[in-house]
Amino acid sequence: MRINKTFLYGTATAATLALTATACGGSGSGGSASGGAWDKNATVNIGSLYEPQNLDNTAGGGQGVTEALNGNVYEGLFKLTDDGKVEKLLAEDYKVGDDGLTYTFTLRDGVKFHSGKQLTSQDVKYSLEKVIADDSQSARKSNLAVIKDIATPDARTVKVTLSKKSISFVYNLSYVWIINSQAKNLKTTEDGTGPYTLAKWTRGSALSLDRFPGYWGDAANNKRVVFHYYKDATALNNALLTNAVDVVTSEQSPDALDQFKNNQNYKVTDGNSTTKLLLAFNDKAKPFTDVKVRQAVSSAIDDKKLLESVWGGYGKLIGSMVPPSDPWYEDLTKVNAYDPARAKTLLAEAGYGKSFSFTLDTPNYDPHPTAATFIKSELAKVGITVRINTITPDEWYTKVYKNHDFTATLQEHVNDRDLVWYGNPDFYWGYDDKQVTQWVEQAEEASTTAEQTELLKKVNRKTAEDAASDWLYLYPQIVVASSKLSGYPVNGLNSQFHAYDIKKKG
């Protein structure tokens, strides 16, 4: 997820996803390294722009903590694979009651935390309660608010009772880390059940993980993984060219790709992205309380030109919050499409024919400053003055996400199936449509995926027509790696980067 502080996740249909037993292997593949034996004791160096804020994903750890620790150090009852499937992980089995409100989970036997403590149902109860606690900043907090009661009949059994049906419950559990209930100082240390333990975290530089010899499943294919952190895409690419890193989790500089494409020492993979770049309006702040103003701003921006200027031939235009990989996708790029003449007409109808101005709060990391400058230029053509206020990720979290103190902002939303946030009037962008809220609630309580899909297609179209936000484009997901590597994730779904399948030639 390309948000360094916030957690803007959505929901999904657990019933549509395959649920199969697995250990840690087999989810992704960055191709196969040709020739030579792979080194079981290799160190894999990973380059990233997204260092964790801290190591606790319920305390504002951000994208970086998910990328480095999710699935590698911490595991859930279920696992979301790189191709979007949900698989059983720490849950050996589960049953759903006839009323759809009771879930009974049986835990795998013989699972140990890195500290040596045996996994029990009490740890699962603790981990779920940590996510839904009042002070939690977890991505799943609101999704899991349906949890009414958690019982632990015995050491391997967890019984969760919901207050209402949630078709996405199992899917949402794939985001919940199971943590030792006795662990302390989780912002700087860890105690998970994953294939790696935390070796060392040097803030501003690197975070290293070592293979855990007591892991319950298949051992990681490499001995050590080191995430190296860089301030910009140029430094990241230079690290790859000089062999300081073996793979870049998400390429942010398409202009630099030719040097890798034309070099047999590297492989470039264009995976499937769910990351949307949004011009998010505060729909509760004037002038964006007026749907015509939001429609006008959306129509005044040439998204195709912006995408080309930032990503060249990569990425896609998107007319709503829903990417093509979501079941309720519909091509809505023609809704509020680029049309400056229409934008001027709408502004006149809304009473802003002479002009108005607003402040655009812009995160200080790429591509936001570039996009902000482009938007400022585009809107000036229809008489709108934009003041760009550049802020850090921490400032964005407090000012925009937490306090809703903004008029408009730029931000990425990485995850699949996150359309449902438009059904929450208290979410940071303040979109409030009672019909949409009702549709979202009905979709979550749906008995079938077909019913859910039909309802969320209605939400998709209504929010697009209302220009609830302006969805500028869908990011590409470009992974660049040494040709010595294989088994790395290529889609990076929801910002996770499972490292345990990676093989490196000696």
Side-chain angles (χ1 to χ4, degrees), residues 10 270 272-281 283 287-350 352 367 371 374-384 408 410-423 429 431 433 435-436 439-440 443 452-477:
D270 190 2
N272 297 316
S273 171
T274 58
T275 302
K276 291 79 60 179
L277 180 63
L278 269 64
L279 170 57
F281 311 117
D283 295 353
F288 297 120
T289 51
D290 192 323
V291 63
K292 289 186 176 180
V293 174
R294 301 197 303 264
Q295 292 169 337
V297 169
S298 298
S299 295
I301 301 171
D302 189 343
D303 296 341
K304 183 177 180 180
K305 187 176 179 181
L306 172 62
L307 178 61
E308 182 65 28
S309 66
V310 175
W311 286 106
Y314 295 91
K316 297 180 179 69
L317 296 183
I318 186 167
S320 72
M321 192 67 164
V322 182
S325 55
D326 285 3
W328 30 90
Y329 171 75
E330 183 181 358
D331 185 354
L332 299 177
T333 52
K334 293 182 179 179
V335 177
N336 297 315
Y338 178 57
D339 187 344
R342 177 175 181 261
K344 290 180 180 179
T345 299
L346 287 167
L347 288 173
E349 291 175 357
Y352 293 97
F374 180 87
I375 289 168
K376 178 177 181 177
S377 175
E378 291 287 277
L379 295 186
K381 298 173 185 176
V382 297
I384 301 174
L410 284 170
Q411 191 52 270
E412 306 121 317
H413 287 244
V414 140
N415 298 288
D416 58 346
R417 309 178 191 226
D418 51 5
L419 171 69
V420 295
W421 289 117
Y422 288 98
W429 49 51
Y431 178 75
D433 183 281
Q435 179 64 78
V436 165
W439 283 334
V440 169
Q452 181 193 36
T453 297
E454 181 182 358
L455 287 163
L456 291 182
K457 280 187 173 181
K458 291 181 179 180
V459 173
N460 191 27
R461 177 163 285 279
K462 184 67 164 65
T463 51
E465 291 172 347
D466 285 353
S469 301
D470 184 18
W471 305 274
L472 298 166
Y473 59 73
L474 189 68
Y475 278 67
Q477 174 61 29

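- Contact check for Leu410 versus Leu278: no side-chain heavy atoms found under the 4.5 Å cut-off.
- For the residue pair Ala464 and Val335, the shortest heavy atom distance occurs at O-CG1, 3.6 Å.
- To the nearest 0.5 Å, atoms NE2 (His413) and CG (Leu277) are separated by 9.5 Å.
- Side-chain atoms of Ser273 come within 3.5 Å of backbone atoms of Tyr475 as a donor-acceptor pair (strictly under, hydrogens ignored).
- Ser299 places no side-chain N or O within 3.5 Å of a backbone atom of Ala296 that could act as its donor or acceptor partner.
- Looking at residues two or more places apart in sequence or on another chain, you find a side chain to side chain contact (heavy atoms under 4.5 Å, CB included) between Tyr314 and Pro254, Leu257, Lys261, Asp270, Trp311, Pro476, Ile478.
- At a threshold of 4.5 Å between non-hydrogen side-chain atoms, the residues Lys462 and Gln435 do not count as touching.
- Sorted by first and then second residue, the pairs that involve residues 315-330 and meet salt bridge (Lys or Arg N to Asp or Glu O under 4.0 Å), not counting sequence neighbours, are Glu330-Arg461.
- One finds the OG1 atom of Thr345 at 10.5 Å from the NZ atom of Lys292 (value rounded to the nearest 0.5 Å).
- A distance of 16.0 Å separates CG of Leu472 from NZ of Lys304, quoted to the nearest 0.5 Å.
- Minimum heavy-atom separation, Lys381 to Lys344: O-CE, 3.5 Å.
- Residues passing the salt bridge (Lys or Arg N to Asp or Glu O under 4.0 Å) test with Lys457: none are found, sequence neighbours excluded.
- The shortest side-chain heavy-atom distance between Asp470 and Asp303 falls under the 4.5 Å cut-off.
- Note that the NZ atom of Lys458 and the CD atom of Glu454 stand 5.0 Å from one another [nearest 0.5 Å].
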Item to check | Test log, rule side chain to side chain contact (heavy atoms under 4.5 Å, CB included), inputs Val440 and Leu419 | outcome: CA-CA 9 Å; Val440 169; Leu419 171 69; over 6 Å; no
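- Between Tyr422 and Trp429, the two ring planes are parallel [angle under 30°; tilted spans 30° to 60°].
- The minimum heavy-atom distance linking Ala467 with Asn336 is given by the pair CB-ND2, 3.8 Å.
- Nearest heavy atom pair, residue Trp328 against residue Asn460, reads O-ND2, 3.7 Å.
- Contact annotation: the side chain of Arg417 approaches that of Pro327 to within less than 4.5 Å [non-hydrogen atoms, C-beta and beyond].
- Nearest approach of Tyr473 to Pro367, heavy atoms of both residues: OH-CG, 3.5 Å.
- Proximity of Thr275 to Gln477: side-chain heavy atoms (C-beta onward) are nowhere separated by under 4.5 Å.
- Put simply, the side chain of Lys305 reaches to within 4.5 Å of the side chain of Phe374, judged on heavy atoms.
- With rounding to the nearest 0.5 Å, the separation of CD1 in Ile375 from CD1 in Ile301 is 4.5 Å.
- Looking at Leu306 and Glu378, their side chains never come closer than 4.5 Å, going by heavy atoms from C-beta outward.
- Legend: residues meeting side chain to side chain contact (heavy atoms under 4.5 Å, CB included) with Ser325, ordered by chain and number and at least two apart, are Thr274, Pro323.
- Judged by distance alone, the side chains of Tyr431 and Asp466 do bring a donor and an acceptor atom under 3.5 Å apart.
- Taking the side chain as every heavy atom from C-beta outward, Phe281 and Val297 approach each other to under 4.5 Å.
- Side-chain atoms of Asp433 come within 3.5 Å of backbone atoms of Val436 as a donor-acceptor pair (strictly under, hydrogens ignored).
- Thr333 is linked by a side chain to side chain contact (heavy atoms under 4.5 Å, CB included) to Leu317, Asp331, counting only residues two or more places apart in sequence or in another chain.
- What you find for Leu474 and Ile318 is that their closest heavy atoms are N-CG2, 3.8 Å.
- Remark: Ala300 engages Ala343, Leu379, Val382 in a side chain to side chain contact (heavy atoms under 4.5 Å, CB included) (not counting sequence neighbours).
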